[in-house]
Amino acid sequence: MNILFVHQNMPGQYRELVGWLAAQGEHRIFFLTQKKDAPTLAGVQTRIYKAHRKPLKDAYGLSKVWEEAAGAGFGAAMAARKIEAEDGFIPDIVIGHVGWGELTFFKQVWPHVPIIGFFEYYYNMTGGLVGFDPEENVSAHAPFLMAARNAVPLANIEFVDQGHVPTLWQRDRFPDSFHDRMYVCHDGIRTDRLVPNPDVELHLGRLDNPIRQGDEVLTYVARNLERARGFHVFMRALPRIMRERPNARVLIVGGNDVSYGGKSSDPQGLRGEMEREVGDDLDWDRLHFLGRIPYPDYQKLVQVSRCHVYLTMPFVLSWSLLESMSMGATVVAADVAPVREAITHGETGMLVDFHDPQALAAQVVDVLGQPEKYAHLGGAARAHVIKEYDFLTKCLPEHVAQINALVSADKRINMG
């Protein structure tokens with residue numbers, strides 16, 4: 001089969017799927033992306049495209065998102081024509097993310113080629129990021145700006161043959177009229193690779209001895225240290241945690257940028273803001289900001305953790321939560337709807353009020369101090385992820401079935 005993947009930040013949500021398809025050696029696969037330093041994937045031909053046009057800095061706010069999406073979509077479409085002309089490649093199916101407009105014009109390029117579009121998020125004034133944080137000032141123009149952002153998925157639901165959404169919570173953000181045109185299936189977690197490791201050792205530069213499983217270690221992981229992922233709540237809980245657990249070591253992973261929501265007014269970002277707020281009450285000898293670390297080191301960090309904290313406002317669920325559960329971590333997480341889809345309180349993890357740093361601190365202190373009381377959570381969490389989110393046994397068969405339903409019988413993927 002000829003398969004074209006489209007994602008401006010390759011490989012995006014297709015990391016596992018494209019790798020598995022390429023490893024079969026039976027398909028001709030192209031990947032269209034804007035990412036200049038796109039990874040080299042065996043068996044995949046990568047093509048980088050540029051947006052045909054980007055909005056000017058003073059572009060009208062209510063049409064800016066659509067203008068940017070249209071520019072990306074036209075650029076992607078022209079790149080698709082170039083692939084056909086120069087490489088003789090016409091896909092049997094196109095699989096891509098609709099959020100940046102990249103798929104908008106593909107039916108004008110190949111009218112009869114089916115498209116599966118990834119629908120990630122639909123903006124609403126309730127139940128999501130906006131208005132959830134009482135410290136956030138919500139503009140009176142927010143409803144109009146969010147409605148304007150939704151122009152992209154509203155158009156693209158008509159331009160794809162099948163929609164894909166990874167969780168029920170994300171599906172339910174979209175209008176009811178979308179639901180019968182979407183299938184719900186996670187990207188998939190490699191539970192065969194992400195496993196507990198009782199012999200793990202993690203080396204930190206300023207420590208003479210490695211950290212091992214059994215040490216009193218508290219971990220927090222996010223792509224960026226930002227409000228959407230509860231970094232400010234975690235920092236406000238730390239003084240009590242470090243005071244009541246004087247031997248606990250805290251490891252924090254994340255960059256200093258912003259992925260979702262507004263930036264901190266502090267020139268050093270939210271980290272600088274929070275250090276000024278609570279820094280005098282922290283034991284800096286036991287607190288480690290690790291920045292962004294290689295994936296193997298991230299695995300070791302989770303495997304060595306006695307208590308792993310996952311905080312988020314109601315938003316897209318991080319891969320890191322399910323990955324940490326797969327590695328048998330004892331997770332303390334925010335009690336919000338997307339997390340409740342993955343964690344049952346007291347069975348596969350512990351849930352706390354996102355807005356209550358003291359409740360978070362109390363729960364973490366108890367987990368650190370009585371690990372035997374919570375020892376059942378890690379195994380149950382791993383079992384749940386294997387059952388509901390495992391890539392090879394749960395998610396891959398569903399993705400392949402959805403692809404096969406749109407192509408002719410002679411082109412279908414063989415699961416072996």
Side-chain angles (χ1 to χ4, degrees), residues 166-167 169 186 189-191 193-198 200 202 211 213-223 225 228-231 233-235 237-238 241 245 248-254 290 295 298-357 359-390:
T167 68
W169 181 83
H186 195 266
I189 301 298
R190 288 302 298 258
T191 65
R193 298 173 181 169
L194 296 164
V195 299
N197 181 5
V200 65
L202 180 66
I211 297 174
Q213 197 174 86
D215 294 341
E216 191 171 343
V217 177
L218 171 63
T219 55
Y220 169 95
V221 172
R223 183 191 306 174
L225 306 179
R229 297 308 190 190
F231 175 67
V233 179
F234 181 72
M235 287 294 287
L238 276 186
I241 294 170
R245 301 303 306 170
R249 192 166 295 280
V250 183
L251 310 182
I252 298 175
V253 170
L290 305 179
Y295 194 74
Y298 151 72
Q299 289 180 247
K300 292 178 181 178
L301 177 138
V302 174
Q303 289 167 335
V304 83
S305 178
R306 181 179 295 185
C307 179
H308 181 69
V309 171
Y310 176 73
L311 298 175
T312 185
M313 295 182 185
F315 196 58
V316 176
L317 204 64
S318 305
W319 285 327
S320 68
L321 172 63
L322 297 174
E323 289 175 338
S324 64
M325 294 170 70
S326 178
M327 288 183 275
T330 299
V331 178
V332 175
D335 188 7
V336 294
V339 175
R340 289 194 294 271
E341 189 170 333
I343 290 182
T344 300
H345 179 67
E347 295 182 13
T348 52
M350 304 302 293
L351 301 178
V352 297
D353 184 351
F354 177 93
H355 299 296
D356 191 344
L360 172 62
Q363 183 62 78
V364 169
V365 165
D366 202 44
V367 172
L368 292 175
Q370 302 186 75
E372 68 286 347
K373 176 180 174 182
Y374 299 93
H376 66 287
L377 295 178
R382 175 167 169 76
H384 178 68
V385 172
I386 291 173
K387 179 183 177 182
E388 299 295 338
Y389 300 98
D390 179 66

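All values derive from a computational prediction rather than experimental measurement.
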Supply the atom-to-atom distance Leu322 CG to Asp390 CG, rounded to the nearest 0.5 angstrom.
-> 11.5 Å
For His308 and Val302, work out which heavy atoms get closest and say how close.
-> CE1-CG2, 4.4 Å
Result block: side-chain N/O donor-acceptor pairs under 3.5 angstrom for residues 330-338, not counting sequence neighbours:
from   : atom 1 : to     : atom 2 : distance (Å)
Asp335 : OD1    : Arg340 : NH1    : 2.9

Phe315 meets the ring pair (Phe, Tyr, Trp, His ring centres under 6.0 Å) criterion, sequence neighbours left out, with Tyr121, Tyr260
Side chain to side chain donor-acceptor pair (under 3.5 Å) pairs touching residues 343-353, sequence neighbours excluded, are none
Between Leu225 and Val253, which heavy-atom pair has the shortest distance, and what is it?
-> CD2-O, 3.8 Å
Value for CZ (Arg306) from CD (Glu216), rounded to nearest 0.5 Å, stands at 5.0 Å
Mind checking the CG-CG spacing from Leu202 to Leu251? Nearest 0.5 Å is all I need.
-> 6.5 Å
Non-neighbouring partners of Val365 that pass side-chain contact (heavy atoms from CB on, under 4.5 Å), sequence neighbours left out | Ile241, Glu244, Arg245
Can you sort out the partners of Trp169 under side chain to side chain donor-acceptor pair (under 3.5 Å), two or more places apart, ordered by chain and number?
-> none
Minimum heavy-atom distance between Ala222 and Arg229, given as atom pair plus value | CB-CB, 4.1 Å
Looking only at heavy atoms, what is the nearest atom pair of Glu341 and Tyr389, with distance?
-> O-OH, 3.6 Å
Ile343 and Leu351: CA distance, side-chain angles, deciding distance, side-chain contact (heavy atoms from CB on, under 4.5 Å) verdict = CA-CA 8 Å; Ile343 290 182; Leu351 301 178; 3.7 Å; yes
All ring pair (Phe, Tyr, Trp, His ring centres under 6.0 Å) counterparts of Tyr310, not counting sequence neighbours | none
What pairs meet the side chain to side chain donor-acceptor pair (under 3.5 Å) rule with one or both residues in residues 367-379, with sequence neighbours excluded?
-> Gln363-Tyr374, Asp366-Gln370, Asp366-Lys373, Asp366-Tyr374
On a heavy-atom basis, the closest approach of Leu368 and Pro371 is O-CD, 3.6 Å
Results of side-chain contact (heavy atoms from CB on, under 4.5 Å) for Arg190 - residues two or more places apart only | Glu16, Asp192, Arg193, Phe391, Leu392
Can you name the side-chain contact (heavy atoms from CB on, under 4.5 Å) partners of Arg382, sequence neighbours left out?
-> Thr191, Val195, Pro196, Ser326, Ile386
Under the side chain to side chain donor-acceptor pair (under 3.5 Å) test, residues paired with Arg249 that sit two or more places apart = His288
Of all residues at least two apart in sequence or in a different chain, which pass the side chain to side chain donor-acceptor pair (under 3.5 Å) check with Ser305?
-> Thr219
Residue pairs meeting salt bridge (Lys or Arg N to Asp or Glu O under 4.0 Å), one or both in residues 315-330, sequence neighbours left out, come to Arg15-Glu323
Roughly how far apart are Leu238 CG and Leu218 CG, rounded to 0.5 Å?
-> 6.5 Å
Closest heavy-atom pair and its distance - Trp319, His186 | CD1-CE1, 3.8 Å
Does any N or O in the side chain of Gln213 come within less than 3.5 Å of the main-chain N or O of Gln303, such that one atom is a donor and the other an acceptor?
-> yes
Taking the six-membered ring where the residue is Trp, are the ring centres of Phe231 and Phe234 under 6.0 Å apart?
-> no
Close side-chain approach of Ser320 to Tyr298, heavy-atom, < 4.5 Å | yes
How long is the gap from CG on Leu194 to CE on Met325, to the nearest 0.5 Å?
-> 13.0 Å
